[in-house]
Amino acid sequence: MQSHYVIVEPCFGCPFRVEGIRFVPHHSYDDGLTLLFFHANGLHKETFTVLITRLLEIISPVKIHDIWAIGSAGEYAIAAYAFLSTTSHGADFHRRELIGIAHSAGATGLLMLQNAHPEIPFRGLILMDPGILPPGRSSSSKLAGIFHEIALSKPDTWTSVEEARRDLSRTYRGFAPATLEEFLVRHLPNQYTK
């Protein structure tokens with residue numbers, strides 16, 4: 001499997017950068033599916049690296065063209081739409097057979113994206129532990145506010161890789177250790193040593 005990072009710069013309608021990782025299996029099919037992964041609130045696109053690697057080991061009967069993990073710290077539906085609407089990263093998602101796969105609050109962003117932009121051709125959706133709240137209820141607003149505060153309370157800068165590893169290891173205690181290391185390598189490359 002090959003992978004590389006791409007960045008979509010801010011544009012009209014999306015005031016922030018959106019990052020993605022493209023994974024291409026060793027046996028990529030031009031007519032295969034494109035899987036799009038959306039992460040949970042407070043996590044990151046590298047969360048899926050271990051899962052995607054394992055998935056490609058066991059999914060052999062299914063034709064896969066490529067797999068993308070899209071990351072956003074902001075409005076996920078807006079960020080994903082900006083990412084999927086441009087071809088600056090070399091992909092035209094409007095010509096693909098798309099399967100959206102989302103975890104927790106990423107499912108909310110995926111559903112909002114599909115509802116607001118039906119021209120993006122999702123063939124199917126897989127929602128894992130979806131963070132879906134009934135609209136218009138005060139309890140939904142309160143819970144969304146709690147999730148928002150939790151995400152804002154998490155640091156996004158550290159003085160060292162060791163500090164980042166120590167801080168993030170609480171968040172990633174249930175994940176494969178490689179998930180955290182992937183994040184550290186990508187986001188703290190000048191300081192990283194294992």
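All residue numbers refer to positions in the sequence shown, counting from 1.
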Assign the ring pair F93 / W68 to parallel, tilted or perpendicular, where the plane angle (0 to 90°) is split at 30° and 60°. perpendicular
Closest non-hydrogen contact found for I70 with K45 is C-CB, 4.1 Å
Taking T86 for its side chain and S88 for its backbone only, find out whether a donor-acceptor pair lies under 3.5 Å. yes
For residues I120 and Q114, determine if any side-chain heavy atom of one lies less than 4.5 Å from a side-chain heavy atom of the other. no
Rounded distance [0.5 Å steps], CE in M128 versus CG in L51: 6.5 Å
Given side-chain contact (heavy atoms from CB on, under 4.5 Å), test Y5 with E46 step by step and report yes or no. CA-CA 10 Å; Y5 283 81; E46 289 85 3; 3.0 Å; yes
Main chain of H44, side chain of T47: is a donor-acceptor contact present, judged purely on distance under 3.5 Å? yes
Is it the case that one hydrophobic cluster holds both F83 and L125, taking links as side-chain heavy atoms less than 4.5 Å apart, direct or via other members? yes
How long is the straight-line distance from OG1 of T49 back to CD of E182, given to the nearest 0.5 Å? 4.0 Å
At their closest point, which heavy atom of G106 faces which heavy atom of F38, and how far apart are they? O-CB, 3.9 Å
Could you go through T34 and I67, starting from their C-alpha distance and side-chain angles, then the distance that decides it, and tell me whether this counts as side-chain contact (heavy atoms from CB on, under 4.5 Å)? CA-CA 6 Å; T34 292; I67 301 172; over 6 Å; no
What is the minimum heavy-atom distance between L110 and I101, and which atoms define it? CD2-N, 4.1 Å
Whether the side chain of S28 engages the backbone of V24 through a donor-acceptor N/O pair (distance < 3.5 Å, no angle test) should be reported. no
Any donor-acceptor N/O pair, E163 side chain to T159 backbone, under 3.5 Å: yes
Kindly work out whether a path of hydrophobic side-chain contacts (I/L/V/M/F/W/Y, heavy atoms less than 4.5 Å apart) joins V50 to L55. no
Any donor-acceptor N/O pair, S85 side chain to A82 backbone, under 3.5 Å: no
Would H103 and F37 count as a ring pair (Phe, Tyr, Trp, His ring centres under 6.0 Å) if you check the C-alpha gap in whole Å, the side-chain angles of each, and the deciding distance to 0.1 Å? CA-CA 8 Å; H103 173 230; F37 280 81; over 10 Å; no
Here the pair of heavy atoms bringing F122 nearest to G100 is CD2-N, 3.6 Å
Check whether the ring centres of H39 and Y76 lie less than 6.0 Å apart, and answer yes or no. yes
Is it the case that one hydrophobic cluster holds both Y81 and F16, taking links as side-chain heavy atoms less than 4.5 Å apart, direct or via other members? yes
For R22, which residues count as a side-chain hydrogen bond (donor to acceptor under 3.5 Å, both in side chains) partner, sequence neighbours excluded? D66
Kindly give the heavy-atom pair with the smallest separation between S3 and I21, and that separation in Å. CB-CG2, 4.2 Å
Inter-residue atom distance L143.CG - S138.OG, 0.5 Å rounding: 11.0 Å
Any sub-3.5 Å donor-acceptor pair from H117's side-chain atoms to E119's backbone N or O? no
Check L84, L36, T108, I78 against L113 for a side-chain contact (heavy atoms from CB on, under 4.5 Å) and give me the one that passes. L84
Value for CZ (R96) from CG (L33), rounded to nearest 0.5 Å, stands at 11.0 Å
Under the salt bridge (charged side-chain N to carboxylate O under 4.0 Å, His left out) rule, collect the residues that match up with R54, sequence neighbours excluded. E57
Do the side chains of V6 and E19 get nearer than 4.5 Å, heavy atoms only? no
Check whether I7 and F23 end up in the same hydrophobic cluster, where Ile, Leu, Val, Met, Phe, Trp and Tyr are linked by side-chain heavy atoms less than 4.5 Å apart. no
Around atom NE2 of H94, are there more than 12 heavy atoms of other residues, nucleotides or ligands at under 6.0 Å? yes
With the 4.5 Å side-chain cut-off for hydrophobic clustering, are L35 and I126 part of the same group? yes
Quick one: pull up NE2 in H27 and CG in L56 and give me the separation to the nearest 0.5 Å. 11.0 Å
Taking the side chain as everything from C-beta on, heavy atoms only, tell me whether L180 gets closer than 4.5 Å to L184. yes
For Y29 and H65, work out which heavy atoms get closest and say how close. O-ND1, 3.0 Å
